[in-house]
Protein chains: 2
Amino acid sequence: MTARSKTTTTRTRTAPRKVAAVRTKTRTARRAAPPGLSHDVIRIAALALIDEDGLADFSTRKLGRVLGCEAMAIYWYYPSKEALLDAVVDQLMMRVAAVVSGRAPIDWIGALRDVAHAYRGLAHDHPKAFPLLATRRFASESTYAFLEELFELARRQGIEDRITARFYRVVSSYCSGFALNELATLHGPKDPGIAALRRRYTRVAAVSAWLEPRHLDETFEFGLELQLAALAGAPGAAPMEQRR
Amino acid sequence: MTARSKTTTTRTRTAPRKVAAVRTKTRTARRAAPPGLSHDVIRIAALALIDEDGLADFSTRKLGRVLGCEAMAIYWYYPSKEALLDAVVDQLMMRVAAVVSGRAPIDWIGALRDVAHAYRGLAHDHPKAFPLLATRRFASESTYAFLEELFELARRQGIEDRITARFYRVVSSYCSGFALNELATLHGPKDPGIAALRRRYTRVAAVSAWLEPRHLDETFEFGLELQLAALAGAPGAAPMEQRR
DNA sequence: CCGCCACCTTTACACCGTAAAATACACCCG
DNA sequence: CGGGTGTATTTTACGGTGTAAAGGTGGCGG
């Protein structure tokens, strides 16, 4: 059960993965070089594979192939594919968590804004993997640690828990939904029949012109700032001074 | 290619599906009664099956079983499982579309509010199927017709296309994300380790208390009204009078 | 009566997640 | 040095999946 505990083996990642056919010249060179797996190596490769092939085509067997091992080897580290995907989610959230760690305990609104941007950034950098985030529950150690930090920041500013909860939920929902919409229109199937539809439904076409990629940023900012402004003006948030 | 056209067979749905072993007493009663499939019957059964078993366990073979036919029979009506799921999405959206059809051409804000509520209602009535909506692009005939009606309503009120697009995107993103969050926390896996996490991360626990199911409605309304209020006050929306 | 055609079944294939068992290797203890 | 122990990985196997391809079957218009 070493793998499931926190201990990582001393010699991790032997560099040139995937060769697997070479033989070590150490004594008793019977088998091909062992894959040298670990939690980290596996979930990073998993994310990379999802980024490349897409979620639907991701399989443990393919992952094993790029890892230079059999599919079942993965199961020694993760009990199931589901669990592995949870770990991938964690991996993604690390980037979001980084924006609040070590931040000065002022300006919770600014922190929330940065988190929102980082979250949407994930959708852009990992469009194929992002839907994982939207469906899964954040119930891991690291995401809890991240939230703890974020909420602690709010408390230090004197924001009531009720207000914190409310705005966190509203803002995170908005970001999640917006990014998902974005991905669906940008990376969805390039349906040629859509042009015909647009021709018959003129109002949809006219309004959709304002949802083109080049307006997405401004639309996102608009909605986000709308919510953050409400937070700034909410009773129970920030002592008294609030920029005008 | 009759099935792919608009014509539906005259005698649809013979009632007691799934028996399939009975024989008609009509002349030449060689084979068991034919399944009597149709686009409608299939996609309604598909939705019901997803509601019951969940998305991950939904398969064409199981669907065939409840339909009293072989899995491949479905492929005569829908070219792929993907296409069938798109049809299921359409089926779900019909309920949302219903709230704007035949509505008086005043009060676009009210219409948007009702659409938002109907959308969230879907998540509650079809929690297992709802994630389909969030990921897929709305590019079908019927959803376009729905949007056309919604946007036409806005135009009749003199709201600029830019404003319409902006608020539609913001509100729909919010609803989508909120509902997804809701489902993840409500119907997600009942992890027992979560209690331990909560004990160690006290701020998360305190704030999460305000995200309990009984506060969800009020939180949703808060965020929604926040956005609708901004719409009411936006330049380019509504002629001049706006309540107070 | 025949042949077409809508509808459905049969068969087949490649692939999937993963339980269970076998196997290989590093290491410690005698 | 020899064997046991435990960690890491492969092998084998099973039941399931989406769907291509081909084969039936029955009603209907000629």
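From a predicted model like this one, the values you see are computed outputs, not experimental measurements. In the text below, chain A, chain B and the rest are named by the order of the sequence lines, each starting its count at 1.
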Colleague: Side chain of B:Y77 only, heavy atoms from C-beta on: which candidate in C:dT11, D:dT11, C:dC8 is closest?
Modeller: C:dC8
Colleague: Rounded off to whole Å, could you give me the CD-to-P distance for the B:E70 and D:dG18 pair?
Modeller: 14 Å
Colleague: How long is the line joining CG of B:L63 and P of C:dC8, in whole Å?
Modeller: 13 Å
Colleague: Whole Å only: how far is the CD atom of B:E82 from the P atom of D:dA20?
Modeller: 13 Å
Colleague: Can you tell me how far C1' of C:dT18 sits from CD1 of A:I74, to the nearest Å?
Modeller: 12 Å
Colleague: Would you kindly give the CE-to-C1' distance between A:M72 and C:dT18, to the nearest whole Å?
Modeller: 5 Å
Colleague: Is the closest side-chain heavy-atom distance between B:L84 and B:Y77 below 4.5 Å?
Modeller: no
Colleague: Where the side chain of A:W76 is concerned, which of D:dA8, D:dT12, C:dA6 is the nearest nucleotide?
Modeller: D:dA8
Colleague: Measure from the side chain of A:A73, starting at C-beta and using heavy atoms only, and say which of C:dT18, D:dT9, C:dC16 lies closest.
Modeller: D:dT9
Colleague: Hydrogens and angles aside, do A:Y75 and A:E70 bring a side-chain donor and acceptor to less than 3.5 Å of each other?
Modeller: no
Colleague: What is the distance, rounded to the nearest whole Å, between atom CZ of B:R65 and atom C1' of D:dT17?
Modeller: 11 Å
Colleague: Just the rounded figure in Å: distance from P of D:dA8 to CG of A:L67.
Modeller: 15 Å
Colleague: Going by heavy atoms in the side chains, are A:V115 and A:F146 under 4.5 Å from each other?
Modeller: yes
Colleague: Taking atom P of C:dA6 as reference, at what distance in whole Å does atom NE2 of B:H39 sit?
Modeller: 14 Å
Colleague: Less than 6.0 angstrom from the centroid, inside 45 degrees of the normal: does B:R120 satisfy that with respect to the ring of B:F220?
Modeller: yes
Colleague: Suppose we call a contact any N or O donor and acceptor under 3.5 Å apart; does that hold for the side chain of B:R61 and the base of D:dG18?
Modeller: yes
